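These notes concern the structure reproduced below.
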Amino acid sequence: MKIVSVEQMRQMDQTAISEFGIPDQLLMENAGLASYEKIRDRFDLQKDKFLIVCGGGNNGGDGLVVARKLFSNEAKVQVVLLSNPSKFKGSAHLNYQIAQQMKIPTQSIENAQDFETLLPAFDVIVDAIFGTGLDREVGGKYRDIIQAINRSGKPVVSIDIPSGINGNTGQVMGIAVKADMTITFGLPKLGNLLLPGFEYNGQLFVTHISFAPKIFNNPEVQTQTNDPVELPERPTDAHKGFCGKVLFVAGAANYLGAPYFAAHAFLKAGGGLSYLATPRQIASTIAMQGPEIIFQPLQATESGSIAHENLDFLLEFSEDMEMVIVGPGASLQAETQQLIRDLLEKSPKPVLVDGDGLTAVAKDPACIKFRQAPTILTPHPGEMARLLNISIGEVQKNRVEVLRRACKELNAIIVLKGAHSLIGHPDGRVYMNLSGNPGMATAGSGDVLTGTIAAMYALLKDPLLATRIGVFLHGLAGDLAAQKMGMDGLLAGDILQHLPEALQHYRRHWREMKNQNYGKISLV
Ligand SMILES: NC(=O)C1=CN([C@@H]2O[C@H](COP(=O)(O)OP(=O)(O)OC[C@H]3O[C@@H](n4cnc5c(N)ncnc54)[C@H](OP(=O)(O)O)[C@@H]3O)[C@@H](O)[C@H]2O)[C@@H](O)CC1
Ligand SMILES: [K+]
């Protein structure tokens with residue numbers, strides 16, 4: 001499913017109006033009707049009393065349509081207006097006039113105390129305060145009212161987006177309504193799906209408000225959910241070489257976990273031959289954990305990391321490989337960091353860079369910018385900040401645009417890790433992954449991801465698709481593990497162990513997971 005910015009959503013509304021002749025009033029009516037239907041399905045129109053809290057823009061206008069539908073079905077409803085009704089324009093103004101003429105109980109609220117006095121008499125709150133027009137921090141009476149809504153403990157239905165969430169970034173603009181259910185219009189906005197905004201929706205519904213498919217499938221919208229695709233079957237006569245050979249250049253004294261998790265995850269996710277080039281001194285210890293891995297012991301520096309003198313060997317050895325994975329647990333030792341840069345620059349193979357490899361790239365990004373073969377990077381927000389020389393706060397405040405910029409500047413496919421990881425391509429496409437859970441933020445989890453993407457590359461031979469499906473499967477493995485053992489104490493080893501089951505589940509259920517947006521967005 002496509003995910004839109006606020007500006008793109010406005011553009012879509014305009015296209016619906018100008019190209020398809022759907023009047024603005026009809027769009028608002030559709031929005032209000034879809035919201036009403038979800039409310040009717042969830043609550044008891046005979047018993048429950050509904051408080052519709054309206055701001056002065058079109059989001060408030062949608063709220064007035066909901067109020068009218070409820071009123072017309074003889075539910076007990078009260079509208080509160082937080083802004084002077086003379087501010088309503090267009091369709092919102094029309095709906096205000098209708099509400100007045102129908103004598104739907106309506107009250108203007110000057111301050112938060114008046115609001116709090118009203119609140120106890122109602123069972124359900126409909127939040128139509130701000131939608132995509134929110135353009136500044138929420139303060140004053142609005143702040144206090146949102147706080148009162150959140151403290152009330154009553155079920156809240158948000159119209160389009162929980163009020164206070166920035167539609168483009170998902171950031172909380174000071175304070176935001178914590179909803180139980182959100183009905184969003186046209187397509188989900190970035191702010192509905194980016195964290196923390198996503199957490200404020202409660203259950204998220206999308207209605208197309210009678211947009212033509214041409215509008216919501218617009219190819220110019222380059223952000224979308226990371227939907228699963230069908231995986232090719234493993235041929236019955238598959239031999240281990242068929243399922244790919246990859247080389248991991250990873251590990252240093254004291255960093256034995258990262259190379260193991262990465263190289264082993266490749267095998268657990270269906271990869272064929274996993275070669276691990278790692279300092280001689282640690283190879284045998286790792287081999288005890290992962291005997292299926294094939295070792296290429298390397299010369300080490302004094303501190304036990306990979307020495308630069310291995311460069312020619314690594315380049316030569318990788319000639320026969322489909323992908324070279326560089327960085328997990330490689331250390332920040334200066335000589336090793338230089339080796340990584342030289343290897344990345346000189347290797348004509350597809351590469352995946354993670355962990356300490358990303359630090360090497362951040363110091364001199366030129367080592368990857370001009371590569372001809374595909375480059376995949378998998379930074380967490382801190383590593384992304386280093387790659388672009390900006391702060392973590394700047395990364396998190398605008399993850400989609402920061403990622404887009406990084407992919408272009410670094411000429412790489414990049415996974416920006418974190419809740420709802422994003423996968424970006426230099427051509428501007430961004431995919432938002434919906435699988436995974438907070439329990440997966442654990443040491444070694446990223447190394448498991450690295451091996452999973454490599455295995456998908458061996459299977460699919462397409463770097464973007466492999467990265468997307470690798471991220472999806474990694475999240476799915478974490479979700480399957482969490483289903484059994486909970487999220488607390490989930491370890492990288494648990495994610496690793498669940499990769500085969502994740503693949504099996506994926507092969508059986510990829511279509512449902514796609515059609516149901518992994519259970520996170522329902523189309524109504
Ligand atoms: N055809 C369409 O377009 C369709 C649109 N639809 C609906 O329209 C919504 C977008 O409507 P919108 O653009 O009117 O803005 P909206 O979100 O109601 O809020 C703006 C109001 O809030 C105010 N304000 C802003 N920030 C503030 C703050 N921090 N603190 C205080 N006030 C603040 C600002 O007023 P200001 O004070 O800036 O003059 C303005 O009054 C969209 O989310 C969807 O629900 C559907 O009906 C389907 C068809
Ligand atoms: K809202």
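This one's a predicted model, so the numbers in the text were calculated from it and none came from an experiment.
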Within the side chain of [X], is there an N or O that forms a donor-acceptor pair under 3.5 Å with the backbone of [Y]?
| X | Y | value |
| --- | --- | --- |
| Asp494 | Leu491 | yes |
| Thr452 | Gly470 | no |
| Ser5 | Gln8 | yes |
| Gln147 | Val177 | no |
| Asp144 | Ile146 | no |
| Thr467 | Pro463 | yes |
| Gln333 | Thr336 | yes |
| Tyr506 | Ile469 | no |
| Lys397 | Gln171 | no |
| Thr375 | Arg371 | no |

Can you confirm whether [X] is buried at [atom1], in the sense that more than 12 heavy atoms of other residues, nucleotides or ligands lie under 6.0 Å from that atom?
| X | atom1 | answer |
| --- | --- | --- |
| Phe211 | CZ | yes |
| Arg511 | CZ | no |
| Glu335 | CD | yes |
| Lys363 | NZ | no |
| Lys461 | NZ | yes |

Could [X] and [Y] be called an ion pair, given the rule that one side-chain N must be under 4.0 Å from one carboxylate O?
| X | Y | result |
| --- | --- | --- |
| Glu199 | Lys178 | no |
| Glu401 | Arg405 | no |
| Asp354 | Lys417 | yes |

Measuring from [X]:[atom1] to [Y]:[atom2], what's the distance to the nearest 0.5 Å?
| X | Y | atom1 | atom2 | answer |
| --- | --- | --- | --- | --- |
| Leu410 | Leu377 | CG | CG | 6.5 Å |
| Met181 | Ser35 | CE | OG | 8.5 Å |
| Lys154 | Asp180 | NZ | CG | 12.5 Å |
| Met1 | Asp227 | CE | CG | 8.5 Å |
| Leu464 | Cys407 | CG | SG | 9.5 Å |
| Gln337 | Arg341 | CD | CZ | 6.0 Å |

Less than 4.5 Å apart, side chain to side chain, heavy atoms only: is that true for [X] and [Y]?
| X | Y | value |
| --- | --- | --- |
| Ile325 | Leu247 | no |
| Leu490 | Met485 | yes |
| Val229 | Leu465 | yes |
| Leu503 | Leu473 | yes |
| Pro259 | Ile286 | yes |

Test item: side-chain donor near acceptor, [X] and [Y], under 3.5 Å:
| X | Y | value |
| --- | --- | --- |
| Gln504 | Arg507 | no |
| Tyr518 | Asp479 | yes |
| Ser163 | Asp127 | yes |
| His498 | Lys268 | no |

* Asked: Can you say whether the rings of Phe130 and Tyr142 are parallel (under 30°), tilted (30 to 60°) or perpendicular (over 60°)?
  ->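 Plane angle between 30° and 60°, so tilted.
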Which donor-acceptor pairs under 3.5 Å do side chains of residues 182-192 form with protein atoms, sequence neighbours excluded?
from   : atom 1 : to     : atom 2 : distance (Å)
Thr182 : OG1    : Asn201 : O      : 2.8
Thr184 : OG1    : Asp160 : O      : 2.9
Thr184 : OG1    : Asp160 : OD1    : 2.8
Thr184 : OG1    : Lys189 : NZ     : 2.9
Thr184 : OG1    : Asn192 : OD1    : 3.2
Lys189 : NZ     : Asp160 : OD1    : 3.1
Lys189 : NZ     : Phe185 : O      : 2.8
Lys189 : NZ     : Leu187 : O      : 2.9
Asn192 : OD1    : Lys189 : N      : 3.0
Asn192 : ND2    : Asp160 : O      : 3.3
Asn192 : ND2    : Asn201 : OD1    : 3.3

Which heavy-atom pair separates [X] from [Y] by the least distance, and what is that distance?
| X | Y | value |
| --- | --- | --- |
| Phe266 | Ala458 | CE1-CB, 4.1 Å |
| Pro379 | Ile414 | CD-CG2, 3.5 Å |
| Ser331 | Tyr255 | CB-CE1, 4.2 Å |
| Ala92 | Asn58 | CB-OD1, 3.7 Å |
| Phe115 | Val53 | CE1-CG2, 3.9 Å |
| Ala128 | Gly63 | CB-CA, 3.6 Å |

* To do: Show your reasoning for whether side-chain hydrogen bond (donor to acceptor under 3.5 Å, both in side chains) applies to Glu7 and Asn168.
  => CA-CA 9 Å; Glu7 295 70 28; Asn168 278 335; 3.2 Å; yes
* Structure fact -> Residues passing the salt bridge (charged side-chain N to carboxylate O under 4.0 Å, His left out) test with Asp364, sequence neighbours excluded, are none
* Please walk me through it: do Thr223 and Arg404 pass side-chain hydrogen bond (donor to acceptor under 3.5 Å, both in side chains)? -> CA-CA 10 Å; Thr223 310; Arg404 239 181 216 129; 2.7 Å; yes
* Just one of Val400, Ile521, Asn517 clears the side chain to side chain contact (heavy atoms under 4.5 Å, CB included) bar with Leu193, so which one? -> Ile521
* **Passing option when Tyr260 is tested against Leu496, Asp447, Leu276, Thr278 for side chain to side chain contact (heavy atoms under 4.5 Å, CB included)** =>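 With Tyr260 as partner, side chain to side chain contact (heavy atoms under 4.5 Å, CB included) holds for just one option, Leu496.
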* **Worked verdict on Asp462 versus Tyr457 for side-chain hydrogen bond (donor to acceptor under 3.5 Å, both in side chains)** => CA-CA 6 Å; Asp462 171 327; Tyr457 184 74; over 6 Å; no
Name every donor-acceptor pair, under 3.5 Å, that has one atom in a side chain of residues 382-392 and the other anywhere in the protein, sequence neighbours excluded.
from   : atom 1 : to     : atom 2 : distance (Å)
Glu383 : OE1    : His380 : N      : 3.0
Glu383 : OE2    : His380 : NE2    : 3.3
Arg386 : NH1    : Thr359 : OG1    : 3.2
Ser391 : OG     : Glu394 : N      : 3.1
Ser391 : OG     : Glu394 : OE1    : 3.1

* To do: Dump the intermediate steps for side-chain hydrogen bond (donor to acceptor under 3.5 Å, both in side chains) on Ser421 and Asn433, then the final yes or no.
  => CA-CA 5 Å; Ser421 288; Asn433 191 60; 5.6 Å; no
